[in-house]
Amino acid sequence: MTNVRENQPPGDPFEMSLSSADDRLRLSRWLPPKEGIVPHIRFGKRWINILWVMPLAIVVLILGIAVAQELRTIPAIQDFLTRYPGVPASAPAVHSGFPPWLRWQHFFNLFFMIFIIRSGIQILADHPRLYWRRDCTPNTEWFRFQHEVPKDGIWTSKDDAVTIPKWLGIPGIRHSIGLARWWHFSLDLLWLINGAIFYALLFTTDQWQRLVPTTWTVFPNALSTAIQYGSLKFPAEATWTYYNGLQQLTYFFTVFIAAPLAIITGLMQGPAIANKLGWFAKILNRQAARTIHFFVLCWFLSFIFIHVTLVFITGMRENLNFMFAGRNDDSWEGVMMFCIAMVVVIVAWGLASPMTIKHARLIQKTGQRMIGPIKGLAEWWDPNTQYTEQDISPHLWINGTLPQSDEFNRLLKDDFTNYRLRVYGLVDHPKEFSYAELKAIPKQEQITAHFCIQGWSGVAKWGGVPMRHILEIVKPTPDARYAIFYSFAEGAEGGRYYDAHKIQNMKHELTLLAYELNGAPAGVLHGAPLRLRCENELGFKMVKWIEAIEFVHDFAHLGAGQGGYNEDHEFYGYRMPI
Ligand SMILES: Nc1nc2c(c(=O)[nH]1)N[C@H]1C(S)=C(S)[C@@H](COP(=O)(O)O)O[C@H]1N2
Ligand SMILES: [Mo]
C-alpha cells in the first residue's frame with residue numbers, strides 16, 4: 001500500500017520512505033467500521049443499560065403530573081401560587097421585545113450548536129469511555145458505549161474507537177477525530193464570537209433583565225411555575241416583556257454557567273493548557289474535565305428538548321412570532337420564518353458529513369486557518385507541569401502500529417546494543433549516536449501527563465536524553481525551523497510514521513528522547529529504543545521507535561506535506577497544544 005512519492009529526485013532515503021496521502025477520506029484504507037454498544041453507566045460493579053432511563057423517565061413524568069395536580073387542590077399551595085404566580089412582582093419589564101440582533105443570534109446559536117454537538121459526539125466515540133480519574137485504567141470508567149477492554153492481547157486505543165452514524169456524528173466514520181475536531185473547534189470559535197456579542201448587547205440594552213434574576217423571589221416563583229407546568233395548567237404568559245422564574249433560572253444557568261463551563265472544561269483537556277495550569281489540572285484533571293464537558297452536553301440536549309417542547313405546547317404561533325418574526329401577535333409569520341430556518345438547518349445537517357468525507361483536506365486547511373494561530377498561542381506560555389511519584393498511573397493505554405521490519409527485529413534481539421540514532425539535515429555537525437553514547441549524556445527524569453488526541457490520559461515517569469543536549473551537539477543552522485522524527489514503524493495506511501516539530505519546542509526543558517518508563521527500560525510497546533516526549537503537544541506527535549531526526553527548513557515536500565503521518569493521513573493539525 002506504500003506509495004513512495006513519484007517524480008522525486010533520488011535523495012534522502014528517509015524522506016523517500018514517506019507515503020503520499022489522499023485529499024479525501026478513503027473508506028477502503030480507513031479503519032474498518034466497528035459498532036459500539038448502547039451506553040452503560042456503572043454503579044459499583046454493575047453496569048446499567050441507559051435504555052432503562054426511558055421507562056423510568058415516563059414513570060417519573062406521570063407521577064410528577066399526578067403529584068402536581070394533587071398539590072393544586074391543597075389550599076396552602078393555592079395561596080402559594082397566588083402569591084408567587086410565576087413572574088416575580090418586582091421583575092423589571094423588558095420594553096424592547098425581541099429585537100433583530102437577538103433573533104439572529106438565537107438562530108446562529110442554534111445553528112452552530114448543532115455542529116458543535118455532532119462533532120463532539122464524534123470526538124467522544126474515539127475513546128468511548130468516561131472517567132473521573134486521570135489514569136483511564138480499564139474498568140474504572142463510569143460510562144461507556146464500548147465493551148470491556150479485552151484482558152489478553154494488545155488492545156490499542158485505536159482498536160477501542162467505535163463508529164457512529166453519519167447523520168449523528170461528523171463525519172460519522174470510525175476514528176475520524178481529526179476532522180471532527182476541526183468542526184468542533186472552528187464552530188466553537190464562531191459560537192464564542194456570537195456569544196461575546198450576545199453578552200455585550202445583552203448588557204448594553206434592557207435585555208439582560210430577561211435573564212438575570214434581580215430578586216430572591218425568583219426561586220418561589222420558579223417552584224410555582226414548575227407546579228403549574230407539572231399540573232398541565234400552564235401559567236399565564238407575558239413572554240414579550242418578562243420570563244417566568246423557571247425560564248429565567250434555566251436560561252441564566254444555560255447562558256452564564258453551562259456555556260462558560262463548556263469552554264473551561266474543553267480547554268482543560270488540552271496538554272498545553274493543563275500543563276501550564278498544573279495546580280488547576282490536578283483539581284480538574286483531564287478526565288474530570290471530559291466528564292463535566294459531557295454533563296454540559298447532557299444539559300444542553302435536555303434543555304433543547306424541553307425548550308422546544310414548551311415552545312410548541314404553550315402557544316406555538318405566539319412563541320415562534322417572538323423569536324423568529326419579532327412580533328407580539330398570533331399571525332403565522334413566525335411559523336413561516338421558523339420553517340425557512342429549519343430548511344437551512346436540515347440542508348446543512350445533511351451536507352456536513354458527506355462534504356467532510358469528500359473534501360477532508362479542505363476541512364483540515366480551513367480549520368487550520370480558522371483556529372491554528374489561536375491554538376498555537378498555547379505553545380508559547382511554557383507549559384511545564386510535573387507530577388509526583390504518587391500520581392503515576394497504574395495503567396497507560398498504548399497506541400500505534402508496531403515496527404515490523406527485519407532490521408528492527410534484529411536490533412530488538414540484541415537489546416538495541418547496535419541501535420544508532422541518526423541526526424542530520426540542516427545541522428553543523430550531523431551525527432550518528434550509538435545507544436551507549438545517548439545513555440552517557442546525563443539522564444533527565446520527569447513525571448508528566450500524556451494527553452492522547454483520542455481522549456485518554458495518564459501520568460508516567462520518563463527518563464532519557466533532553467533534546468536540548470542533542471541540539472547543542474549537532475548545532476542546527478539558523479535555517480533549521482523544524483525537527484522531523486522518523487520512526488522505524490509504519491503508520492496505519494503504510495508508509496513510514498513521522499512527525500514535524502517546531503524547533504522552539506525542541507529547546508524546551510521537558511522535551512526528551514525517552515528510553516525509560518517508570519524507572520525501567522521503556523519496552524517496545526511504549527517506543528523503545530527511543531521515543532519522544534514533548535509535553536506541550538498531544539500524544540500522536542510523540543513519535544515512538546525513533547530511527548532518525550532530520551532538521552529542515554520546511555516540511556511541505558515530506559509525505560503529503562502536512563507535517564506528519566497523522567496530519568497527512570488522518571487530517572490532524574501539525575500544531576496540537578490543545
Ligand atoms: N511510530 C509511532 N509513534 C507513535 C504512534 C504511532 O502510531 N506510531 N502513535 C502516537 C500516539 S497517537 C500516541 S497517543 C502515543 C502513545 O504512546 P504510548 O503507546 O507509549 O502510550 O504514541 C504516539 N507515537
Ligand atoms: Mo494518540
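Order of appearance sets the numbers: ligands from 1, and atoms from 1 within every ligand.
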Is there any salt bridge (Lys or Arg N to Asp or Glu O under 4.0 Å) pair reaching into residues 149-158, and which pairs are they, with sequence neighbours excluded? E148-K151, K158-E570
Under 4.5 Å between any side-chain heavy atoms of T448 and N275, yes or no? no
Output every pair passing salt bridge (Lys or Arg N to Asp or Glu O under 4.0 Å) with a member in residues 525-534, not counting sequence neighbours, ordered by first then second residue. R533-E535
Would you say the side chain of Y498 lies within less than 4.5 Å of the side chain of S487, judging by non-hydrogen atoms? no
Can you pull out every salt bridge (Lys or Arg N to Asp or Glu O under 4.0 Å) where at least one residue sits in residues 383-409? Sequence neighbours excluded, please. E389-K461
Does NZ or CZ of R144 come closer than 6.0 Å to the centre of the six-membered ring of W47, within 45° of the ring's axis? yes
Identify the protein atoms, limited to N or O, that lie within less than 3.5 Å of an N or O atom of ligand 1, and list each pair with its distance to 0.1 Å.
unit_1: ligand 1; atom_1: 1 (N); unit_2: S487; atom_2: OG; d: 3.0
unit_1: ligand 1; atom_1: 1 (N); unit_2: K544; atom_2: O; d: 3.3
unit_1: ligand 1; atom_1: 3 (N); unit_2: K544; atom_2: N; d: 3.0
unit_1: ligand 1; atom_1: 17 (O); unit_2: R531; atom_2: NH2; d: 3.0
unit_1: ligand 1; atom_1: 19 (O); unit_2: N399; atom_2: N; d: 3.1
unit_1: ligand 1; atom_1: 19 (O); unit_2: K544; atom_2: NZ; d: 2.5
unit_1: ligand 1; atom_1: 20 (O); unit_2: H526; atom_2: ND1; d: 2.7
unit_1: ligand 1; atom_1: 20 (O); unit_2: R531; atom_2: NH1; d: 2.9
unit_1: ligand 1; atom_1: 21 (O); unit_2: W397; atom_2: O; d: 2.8
unit_1: ligand 1; atom_1: 24 (N); unit_2: M542; atom_2: O; d: 2.8

